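Just so it is clear, the structure is predicted and the values come from calculations on it, not from any experiment. Keep in mind that the numbers below use all heavy atoms, side chains included, and drop hydrogens, waters and symmetry copies.
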Amino acid sequence: MILKLAKKYIPQIIRSKYVITFLIFYVWVFFGDQHSIWERKENESKIEALEKEKTYFLDKIEKDKKRIHELKTNKENLEKFAREQYLMKKENEDIFIFIKED
């Protein structure tokens with residue numbers, strides 16, 4: 001009964017063992033393999049995110065190198081940096097910290 005319905009509604013070319021084998025292989029490669037299309041797209045998105053992160057950190061490194069060079073060459077900038085970042089002060093000097101409240 002099922003074979004009669006299959007023969008009636010499914011064309012001969014689709015019932016071919018080669019077509020069935022190809023379809024099974026295609027589904028396996030597309031969904032089941034470790035190198036499937038889905039895995040590939042996920043990896044591409046991860047690579048894109050890592051590339052953005054890489055450019056961010058390279059820019060940050062360049063800015064930090066410029067800042068270090070600036071601090072090493074100019075004593076006034078070094079003093080200003082120490083006062084702002086580490087709250088260092090000279091003798092007989094008071095430091096006031098103002099916090100902005102919203």
Side-chain angles (χ1 to χ4, degrees):
M1 173 103 174
I2 295 175
L3 292 175
K4 289 181 183 179
L5 289 174
K7 286 182 180 180
K8 185 177 181 182
Y9 291 110
I10 300 174
Q12 175 63 32
I13 194 151
I14 295 177
R15 286 184 282 152
S16 169
K17 62 182 173 182
Y18 300 110
V19 172
I20 293 172
T21 305
F22 174 75
L23 289 174
I24 291 171
F25 176 75
Y26 181 75
V27 168
W28 176 67
V29 168
F30 193 75
F31 295 110
D33 192 32
Q34 72 180 18
H35 302 292
S36 69
I37 301 297
W38 303 113
E39 291 291 325
R40 187 176 178 106
K41 290 201 183 271
E42 286 177 13
N43 289 338
E44 286 175 359
S45 65
K46 287 179 186 177
I47 288 172
E48 187 177 317
L50 289 173
E51 288 291 334
K52 287 180 183 178
E53 192 173 324
K54 178 183 172 184
T55 56
Y56 167 76
F57 283 119
L58 287 175
D59 290 341
K60 188 156 176 56
I61 288 170
E62 283 300 317
K63 288 178 185 177
D64 289 344
K65 282 182 181 180
K66 288 178 184 177
R67 184 75 173 156
I68 289 171
H69 177 70
E70 187 178 298
L71 292 174
K72 284 183 177 180
T73 57
N74 193 343
K75 192 168 183 163
E76 291 175 4
N77 286 339
L78 180 62
E79 186 176 318
K80 180 181 176 186
F81 179 78
R83 286 171 181 261
E84 290 175 357
Q85 298 298 319
Y86 298 107
L87 303 175
M88 293 183 172
K89 63 177 186 163
K90 293 182 182 178
E91 289 183 28
N92 300 326
E93 189 175 63
D94 294 326
I95 296 178
F96 296 97
I97 301 172
F98 296 98
I99 299 174
K100 191 185 269 187
E101 292 183 15
D102 293 329

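Sorted by first and then second residue, the salt bridge (Lys or Arg N to Asp or Glu O under 4.0 Å) pairs involving residues 57-66 (not counting sequence neighbours) form an empty list. Pairs passing the salt bridge (Lys or Arg N to Asp or Glu O under 4.0 Å) check and including a residue from residues 68-79, sequence neighbours excluded, read Arg67-Glu70, Glu79-Arg83, Glu79-Lys90.
Counting heavy-atom neighbours within 6.0 Å of Glu44 CD, excluding the residue itself, gives a total above 12.
Residues Leu71 and Asn77 come closest through the heavy atom pair CD2-O, 3.4 Å.
Note that OH of Tyr18 is 15.0 Å distant from CG of Leu23, once rounded to the nearest 0.5 Å. Of the inter-residue distances, the one linking Leu50 atom CG with Thr55 atom OG1 reads 10.5 Å to the nearest 0.5 angstrom. From Ile47, atom CD1 reaches atom CD of Glu42 across 12.0 Å, with rounding to the nearest 0.5 Å. Between the CD1 atom of Ile68 and the CZ atom of Phe81 there is a distance of 9.0 Å, given to the nearest 0.5 Å.
Between Phe25 and Trp28, the ring planes lie tilted relative to each other; the angle falls in the 30° to 60° range.
A chain of hydrophobic side-chain contacts below 4.5 Å, direct or via other Ile, Leu, Val, Met, Phe, Trp or Tyr residues, connects Trp38 to Val27.
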